[in-house]
Amino acid sequence: MNIGIIGLGLIGGSLGRAISKYTDNKVYGLSLHESTMQKAELCQAIHARLSKENAKELDMLIITLYPRAIEEALDEWVPLLKKGCIVVDCGGTKRGICKKMFEMHEKYPDIIFMGGHPMAGREFSGFSHSQATLFEKSTMLIVPIKTPIEALVTMKEFAQSIGFEGIVITTPEEHDEMISFTSQLAHIVSSSYIKNPLATTHYGFSAGSFRDMTRVARLNPQMWSELMLENRDYLVGQIDNLQENLSAFKKALMDNNCEELEKLLDEGRIAKEQVESLRAKKLQERINNGN
């Protein structure tokens, strides 16, 4: 396939590297920054520069920008694509982008759309931190936009060819609610936790817990602000839930209530074991089903 990638940051750059390393597909890349384009060419993450002239050659277009920029890119590039081209984004929220894709599908019924979100990343951003192995053993979330089953099969095979375990089909609403919990809330907790004044003098007093809790505090503020505001309704609800749980711990401590504190901690332990058991079960089901 001829695959275009708009946006060559961590995700786009890693996609280019992985496609070039593990497949025979040709990668056309585009970044707003000339320095990034040169790096991508030197690293052979792209084989050619994407342009308005060669866009018609694409079999797949992947857009890895911020949510609002993705919508703008759809308006700009979809009219240039050939019939049957697959258009997929990698945005961190889905309701707004997929609404735009449904509108685009009505206008361009010969183009195949699907919302996407690779469940992979690092605490660093930019092409310099991209790597071909970023997607190994991760999943690709897909929101079908009246997508033919044949195109979903193509996407699954493509995803697996660059390291993904497979794809998970979801809806815009389910995606955004789950991501508010599994990703966005985690970044807020990490950012809040590292602001403790003791953090600057913790050296020698921590093992893995501190590093685990603070890893994703090293983020891109501009990108994450946009993602969180796009998803603020779900995210505020997750913060409310967290505050309720923290308040229960605070009350048990202030009341010097050992029995209640043990109960709260044990509930967390049991919840973690249940989550891991369900995860192992789902993984086994996926293996059994060949997904």
Side-chain angles (χ1 to χ4, degrees), residues 1-31 36-37 39-65 70 73-74 76-91 97-98 101 104-105 108-120 127 130-169 290-291:
M1 291 191 294
N2 292 327
I3 300 176
I5 302 176
I6 299 178
L8 296 173
L10 175 66
I11 297 299
S14 296
L15 282 168
R17 288 177 186 264
I19 295 168
S20 298
K21 181 176 181 179
Y22 299 120
T23 78
D24 295 325
N25 299 316
K26 183 175 181 179
V27 181
Y28 295 78
L30 178 63
S31 171
T36 299
M37 292 293 291
K39 290 177 184 177
E41 288 173 326
L42 287 171
C43 296
Q44 297 185 326
I46 65 173
H47 303 108
R49 297 190 177 205
L50 178 63
S51 67
K52 298 294 179 66
E53 290 70 35
N54 60 29
K56 62 181 178 296
E57 300 175 19
L58 299 181
D59 301 297
M60 180 183 293
L61 176 63
I62 305 174
I63 308 175
T64 65
L65 304 171
I70 289 172
L74 288 169
E76 182 178 0
W77 290 89
V78 167
L80 306 175
L81 304 176
K82 68 182 181 182
K83 178 180 179 180
C85 183
I86 295 173
V87 177
V88 58
D89 78 286
C90 290
I97 293 169
C98 289
M101 284 186 165
M104 296 294 287
H105 175 75
Y108 301 96
D110 291 335
I111 302 299
I112 299 170
F113 296 91
M114 59 183 85
H117 189 180
M119 289 290 93
F127 180 83
S130 62
Q131 50 190 212
T133 57
L134 184 67
F135 310 108
E136 288 186 0
K137 299 188 182 304
S138 59
T139 56
M140 181 71 164
L141 303 182
I142 292 294
V143 178
I145 310 294
K146 298 184 179 179
T147 309
I149 187 65
E150 295 82 7
L152 292 175
V153 171
T154 297
M155 175 53 66
K156 177 182 176 181
E157 292 175 347
F158 164 71
Q160 290 176 326
S161 74
I162 59 174
F164 287 95
E165 285 188 342
I167 64 174
V168 173
I169 304 299
N291 293 324

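Atom set for the values below is all heavy atoms of this structure, side chains included, hydrogens, waters and symmetry mates excluded. These numbers come from a predicted model, not from an experiment.
- For residues 140-151, the set of pairs meeting the side chain to side chain donor-acceptor pair (under 3.5 Å) definition, not counting sequence neighbours, comprises Glu106-Lys146.
- The closest side-chain heavy-atom distance from Tyr28 to Leu61 is not below 4.5 Å.
- Counting all heavy atoms, side chain and backbone alike, Gly4 lies closest to Leu58 at N-CD2, 3.5 Å.
- Leu15 places none of its side-chain heavy atoms less than 4.5 Å from the side chain of Pro118.
- Between atom CD1 of residue Ile63 and atom CD1 of residue Ile11 there is a gap of 15.0 Å, rounded to the nearest 0.5 Å.
- The two residues Ser20 and His47 come nearest to each other via the heavy atoms OG-CE1, 3.5 Å.
- Closest non-hydrogen pair, Pro79 versus Tyr108, comes out as CG-OH, 3.2 Å.
- A salt bridge (Lys or Arg N to Asp or Glu O under 4.0 Å) check over residues 51-63, counting only residues at least two apart or in different chains, returns the pairs Lys52-Glu76, Asp59-Lys82.
- Atom CG of Leu152 sits about 8.5 Å away from atom CD1 of Ile86, to the nearest 0.5 Å.
- With values rounded to the nearest 0.5 angstrom, Leu50 atom CG is found 9.5 Å from Leu8 atom CG.
- Using a 4.5 Å heavy-atom cutoff, the side chains of Met104 and Val87 are not in contact.
- Ser14 places a side-chain N or O within donor-acceptor distance of the main-chain N or O of Gln131, the cut-off being under 3.5 Å.
- By the 4.5 Å heavy-atom criterion applied to side chains, Asn25 and Val27 are not counted as neighbours.
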* Hey, mind stepping through Thr23 and Ile3 against side chain to side chain contact (heavy atoms under 4.5 Å, CB included) and telling me if it holds? -> CA-CA 11 Å; Thr23 78; Ile3 300 176; 5.9 Å; no

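- Across every non-hydrogen atom of Ala40 and Phe127, the tightest pair is CA-CZ, 3.5 Å.
- With values rounded to the nearest 0.5 angstrom, Met155 atom CE is found 10.0 Å from Ile169 atom CD1.
- Side-chain contact between Thr154 and Ile112 is absent, with no heavy atoms from C-beta onward closer than 4.5 Å.
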* Please lay out, stage by stage, how Phe113 and Val78 fare under the test side chain to side chain contact (heavy atoms under 4.5 Å, CB included). => CA-CA 10 Å; Phe113 296 91; Val78 167; 3.8 Å; yes

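- When atom types are taken as modelled, the side chain of Glu165 and the backbone of Ser138 share no donor-acceptor pair closer than 3.5 angstrom.
- How far CE of Met119 is from CZ of Phe164: 9.0 Å, rounded to the nearest 0.5 Å.
- Looking only at side-chain heavy atoms (C-beta outward), Ile167 and Phe158 stay at 4.5 Å or farther from each other.
- Every residue two or more places apart in sequence or in another chain was checked for a salt bridge (Lys or Arg N to Asp or Glu O under 4.0 Å) with Lys21, and none qualifies.
- No donor-acceptor pair under 3.5 Å is formed between the side chain of Asp110 and the backbone N or O of Gly84.
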* Take Leu65 and Asp89 through the test side chain to side chain contact (heavy atoms under 4.5 Å, CB included) and record every step on the way to the result. => CA-CA 8 Å; Leu65 304 171; Asp89 78 286; over 6 Å; no

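- In terms of heavy-atom proximity, Met101 sits nearest to Gly115 at SD-N, 3.8 Å.
- Side chains of Ile46 and Met37 form a contact here, defined as non-hydrogen atoms less than 4.5 Å apart.
- Here the shortest heavy-atom pairing between Tyr22 and Ala132 reads CE1-O, 3.6 Å.
- At least one donor-acceptor pair under 3.5 Å links the side chain of Thr64 to the backbone N or O of Ile6.
- From Glu136, atom CD reaches atom CD1 of Ile162 across 10.5 Å, with rounding to the nearest 0.5 Å.
- In this structure, Val153 and Glu157 have side chains that are in contact, with non-hydrogen atoms separated by less than 4.5 Å.
- Other residues, nucleotides and ligands contribute more than 12 heavy atoms inside 6.0 Å of the CD atom of Glu41.
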